[in-house]
There are 2 protein chains.
Amino acid sequence: MPTAGSNRRTGEVSIKDVAHRAGVSIGTVSNALNRPDRVSADTRSRVRAVIDELGYVRSESARQLRSGDSRMVALLVLDIGNPFFVALSRGAERAAREHELGVMMCHSAQDPDAESLYLSMFAEQRVRGVLVTPADTTGSNLLAFRRHGIPYVFVDRVVDSDDACSVSVDDVAGGELAMRHLVEAGHERVAYISGPSHLAQCTDRLVGARRAVAATGLPPEALTVLETTRLDVASGRDAGARLLGLRPRPTAVFCANDLLALGLLQAMFDAGVRVPEDLALVGYDDIEFAEAAAVPLTSVRQPAERMGATAAELLLRETEGGREHEHESVIYPPELIVRRSTLPRRE
Amino acid sequence: MPTAGSNRRTGEVSIKDVAHRAGVSIGTVSNALNRPDRVSADTRSRVRAVIDELGYVRSESARQLRSGDSRMVALLVLDIGNPFFVALSRGAERAAREHELGVMMCHSAQDPDAESLYLSMFAEQRVRGVLVTPADTTGSNLLAFRRHGIPYVFVDRVVDSDDACSVSVDDVAGGELAMRHLVEAGHERVAYISGPSHLAQCTDRLVGARRAVAATGLPPEALTVLETTRLDVASGRDAGARLLGLRPRPTAVFCANDLLALGLLQAMFDAGVRVPEDLALVGYDDIEFAEAAAVPLTSVRQPAERMGATAAELLLRETEGGREHEHESVIYPPELIVRRSTLPRRE
DNA sequence: TCGCTTGAATGAAACGTTTCATTTCAATCG
DNA sequence: CGATTGAAATGAAACGTTTCATTCAAGCGA
C-alpha cells in the first residue's frame with residue numbers, strides 16, 4: 001500500500017512514493033531509472049527493489065511533458081484492410097524499433113476528413129513524426145499540418161521534394177507496365193478499373209495505362225475507365241457487374257489494386273466469364289492473396305515492407321538532421337509478376 | 001510569432017501565449033476550450049480567433065497528466081497480417097469512436113515477450129483500457145498487468161469470468177463443426193493443422209476436432225495433428241509439404257485458420273493434388289479472401305467485426321461501472337460456411 | 001441605497017516527471 | 001593536516017494543462 005505522497009484520486013503509485021519508501025530523493029529515483037551510471041550500485045538496487053515492491057510505473061505523459069519528446073511515430077494509411085499497407089507497416093515498425101520508437105497505425109479510410117482528424121490528434125500528441133499516405137490530392141491537410149513543425153514523410157506517393165521526404169513506387173511506370181502487358185498480348189478493347197479519382201495512385205496508374213495504349217497505336221477509345229468509390233473487394237464486385245454491361249465488352253482489365261481485382265474475379269466467376277480465356281486480368285500491389293486467388297493474379301509488385309522501413313528511416317534522419325536536413329525522394333521501380341490470370345489467349 | 005511565455009526550447013505555442021495575446025487569463029482559455037458555456041460569447045470568439053492565428057494545439061500529455069484520464073484504448077492482437085483481426089479492429093474502432101475514444105492497435109506476433117512489452121507500454125501511457133488476444137495460455141502477462149488497475153477485456157478467448165470480461169467464439173464447438181463436416185462426408189483419415197500449441201485457439205479447436213472424430217466411431221489415430229510455429233500462409237505451405245509426406249495420406253484437412261489453409265492449398269496445387277477431389281479442406285475465420293481463393297474455401301465463420309465492437313463496449317461499461325462492475329463473458333456461436341473446397345467426393 | 005444574486009473572469013495549486021545547480025561527504029594530495 | 005577533488009545525492013524549478021476557490025462587477029429586488 002502506497003502511503004506518503006500517493007495520488008489520492010487514482011490511488012496510483014508515483015515516483016514520490018518510491019523515493020519516500022527507498023529513503024532517497026525524487027531526483028535519485030529518476031536517475032536510477034534513466035541514467036543508472038550516476039547512481040551508486042547500492043542505491044540503484046534498493047530503488048529497483050522498491051519499484052518492484054510498489055508496482056511503480058512511470059507516467060508517460062509526465063515524462064513527455066517535461067522532457068518534451070515523444071517516443072511515438074504515427075503511420076496514417078489509406079486502408080488497413082489492404083494487406084499492402086499491413087506489409088508496409090511491418091517494415092516501418094521494424095525500422096522504428098531499432099530506434100526504440102513505437103508506431104501507432106491509423107487509417108483514414110480514404111477520407112480526407114478522417115485524415116484531417118487524425119492529423120490533429122497526432123499534433124496534440126506531439127508525435128515524433130508522421131508517415132502518411134495522403135487521402136487527398138490537394139495536399140491541403142498536410143499543408144495545414146506543416147505549421148506544427150512535426151516532420152512527415154509521404155509514403156506511396158511521389159511528391160515534390162521541396163515539401164517533404166517521400167517513398168514511392170513510380171505509379172505511372174507501374175500502370176504502363178500492366179497495360180502494356182495486356183495490349184502487347186493483342187487485346188484491343190481494354191478497361192481500367194480505377195479507385196476514387198482523388199487518389200493520386202489511381203490517376204497516376206491511369207496515365208501510365210493511357211500511355212501504353214497510345215504506344216501500341218490503339219485509339220484512346222480502346223480504353224474504358226470505370227471509377228469506383230473505394231479500393232476494396234466489394235467495389236471490385238460492383239465494377240465487375242458494370243463491366244459485364246459494357247458493349248462491346250473489353251477482353252482485358254487492369255485494376256488499380258488487387259482487392260478490386262479479386263472482387264472483379266468473383267463477379268466474373270459468378271457470371272460464367274472465364275479468366276483468362278474470356279477476360280485477362282491484372283491487379284496491383286501483389287498482395288499475398290493474389291497468388292492464392294481463384295485464378296492466380298498477374299499483378300504489379302511494390303516492395304511494401306521495404307517502403308515502410310525506408311520511410312521510417314527517412315523520418316528519423318529528418319528528426320535528427322535538424323536545420324540542415326535536405327528532403328529526399330526515394331522511388332522504387334515496380335515489377336510485373338505474371339501469373340495465370342493473363343496467360344496467352346488461345347487463338 | 002509567439003512572444004510572451006512561449007516555450008523557448010521547442011518554440012511551441014502554449015496556452016499561456018494564447019491567454020496573453022487574447023488579454024485573458026489562462027483559465028479562461030481553458031474554459032473557452034473545454035466548457036464554452038462558462039465563457040461569454042464575446043471572449044469565446046476572441047479566444048478562438050487567437051488560437052487560429054497562433055496555431056495553438058493543446059498538449060495532450062499535459063492535459064492527461066493533469067486531468068488523469070486518457071482518451072485511448074489499446075488493442076493488442078496476435079497478428080495484424082490476419083484479416084480476421086483487421087475486421088475485429090474495425091468493430092472496436094467504431095464502438096470506441098462513439099465514446100470519443102481512439103484505438104491504438106498493436107500486434108504481439110504471437111510472442112509472449114512482445115505482448116509483455118506492449119502491456120508495459122500501455123501501463124505507462126495510462127490507457128483507458130486494453131482489448132487483448134492473449135499470446136500465452138498461462139495468462140501470466142495479464143496477471144502481472146492486473147495490478148495496474150487498468151481494465152482489460154479478452155478477445156477471441158473464452159475465459160473465467162472472475163478474471164475479466166471476454167468476447168469469444170466457442171472454439172471447441174467450431175473445431176467440432178469443421179471436423180464433423182469432414183468425417184460425416186465419409187473421410188476416415190483426417191488431419192488437423194494446428195498453430196503453436198501455446199495458443200488457446202489452436203488447442204481448443206483440436207479438442208473439438210477430436211470430439212467429432214470420436215463421435216463418428218473412428219479411432220483416435222484416424223486424426224493426424226501437425227503443429228506449425230506460426231499462423232500464416234508460409235506456415236501453411238510448410239505444413240502442406242509435411243502433409244504430402246504422410247503415409248497413408250489423409251483425405252481431408254482442417255486448418256486452424258484460413259491463412260494456413262490458403263498456404264496449404266498452394267502447396268497442394270504445386271504438388272498436383274486436387275482439392276476437393278483428392279483432399280478436402282476446411283479453414284477457420286472465413287476471412288474475405290477465403291471466398292476468393294483458388295478453390296473457394298469452406299470455413300468456420302466468426303463475427304469478427306461484431307466481436308471487436310462488443311469487446312470495446314464491455315470495456316467501456318467496465319470503466320464506467322466502477323466498483324460494482326460484474327465481469328461478463330459473451331460467447332458467439334461459430335457458423336460453418338460450406339464452399340467448393342469440401343464439395344461431396346465423387347465416388 | 002443596500003445587500004444579494006449571478007455570470008464571468010482570475011489566480012494559484014496540482015498533476016508526475018526531468019534536469020540542473022547545489023550540497024554533502026569521504027577520499028586523495030601536497 | 002588543510003585544501004582539493006569527485007562521486008553521490010539533494011532540492012527546487014519547470015513543463016502545459018485543468019480545476020477550484022476566489023474576486024469582481026453588474027443587475028436586481030426591496
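Below, read A as the first sequence line, B as the second, and so on, with proteins coming before strands; counting in each chain starts at 1. All values reported here derive from a predicted model rather than from experimental measurement.
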Using distance only, find each side-chain donor-acceptor pair of residues 105-121 of chain B under 3.5 Å and give its atom names and separation, not counting sequence neighbours.
unit_1: S108(B); atom_1: OG; unit_2: V77(B); atom_2: O; d: 3.3
unit_1: S108(B); atom_1: OG; unit_2: Q110(B); atom_2: N; d: 3.4
unit_1: D111(B); atom_1: OD1; unit_2: D113(B); atom_2: N; d: 2.9
unit_1: E115(B); atom_1: OE1; unit_2: A135(B); atom_2: N; d: 2.5
unit_1: E115(B); atom_1: OE2; unit_2: N141(B); atom_2: ND2; d: 2.9
unit_1: S120(B); atom_1: OG; unit_2: S116(B); atom_2: O; d: 2.8

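The phosphate of dG16(D) has neither OP1 nor OP2 within less than 4.0 Å of any side-chain N or O from R126(A). The shortest distance between the side-chain N/O atoms of S30(B) and the OP1/OP2 oxygens of dT18(D) is below 4.0 Å.
Judged as a ring-ring contact (aromatic ring centres under 6.0 Å, His included), and not counting sequence neighbours, the contacts of F154(B) are Y152(B). Considering only residues two or more places apart in sequence or on other chains, H198(B) meets the ring-ring contact (aromatic ring centres under 6.0 Å, His included) condition with none of them. R90(A) meets the salt bridge (Lys or Arg N to Asp or Glu O under 4.0 Å) test with no other residue; sequence neighbours excluded. Residues that satisfy the ring-ring contact (aromatic ring centres under 6.0 Å, His included) test with H99(B), not counting sequence neighbours, are absent from this structure. For the side chain to side chain contact (heavy atoms under 4.5 Å, CB included) test, residues two or more places apart in sequence or in another chain that qualify with D42(B) are S40(B), R46(B).
Rounded to whole angstrom, the span from the CD1 atom of I15(B) across to the C1' atom of dC15(D) amounts to 13 Å. If you take CD of Q125(A) and C1' of dG16(D), they are 15 Å apart, rounded to a whole angstrom. Here the P atom of nucleotide dT18(C) and the CG atom of L65(B) are 12 Å apart, to the nearest Å. Put simply, CG on L54(B) is 14 Å from P on dG16(D), counting in whole angstrom units. Look at CG on L33(A): it is 7 Å from P on dT18(C), rounded to the nearest Å. Rounded to an integer number of Å, the gap from CD of Q64(A) to P of dG16(C) is 16 Å. As rounded to whole Å, 9 Å separates atom P of dG16(D) from atom CG of D17(B). Computed from coordinates, the E60(B) CD to dC15(D) C1' distance equals 15 Å when rounded to whole Å.
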Practice prompt. Evaluate side chain to side chain contact (heavy atoms under 4.5 Å, CB included) for R58(A) paired with L33(A), printing each intermediate quantity in order.
Written response: CA-CA 10 Å; R58(A) 95 151 131 244; L33(A) 241 41; 4.1 Å; yes
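V57(A) comes within 4.0 angstrom of sugar-phosphate atoms only, judged by non-hydrogen atoms across all strands, and of no base.
Each end of the helix from dT1(C)-dA30(D) to dG30(C)-dC1(D) yields a helix axis from five base pairs, and these two axes differ in direction by 50° (to the nearest 10 degrees).
In the model, Q201(B) has a side-chain atom that pairs as donor or acceptor with a side-chain atom of D156(B) under 3.5 Å.
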Please produce a list of atom pairs where a protein N or O lies less than 3.5 Å from an N or O of nucleotides 5-13 of chain D.
unit_1: dA9(D); atom_1: OP1; unit_2: S40(A); atom_2: OG; d: 3.1
unit_1: dA9(D); atom_1: OP1; unit_2: T43(A); atom_2: OG1; d: 2.8
unit_1: dA9(D); atom_1: OP2; unit_2: S40(A); atom_2: N; d: 3.0
unit_1: dA9(D); atom_1: OP2; unit_2: T43(A); atom_2: OG1; d: 3.1
unit_1: dT10(D); atom_1: OP2; unit_2: S25(A); atom_2: N; d: 2.6
unit_1: dT10(D); atom_1: OP2; unit_2: S25(A); atom_2: OG; d: 3.1
unit_1: dT10(D); atom_1: OP2; unit_2: T28(A); atom_2: OG1; d: 2.8

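For residues 93-107 of chain B, the pairs satisfying salt bridge (charged side-chain N to carboxylate O under 4.0 Å, His left out) are R94(B)-E305(B), with sequence neighbours left out.
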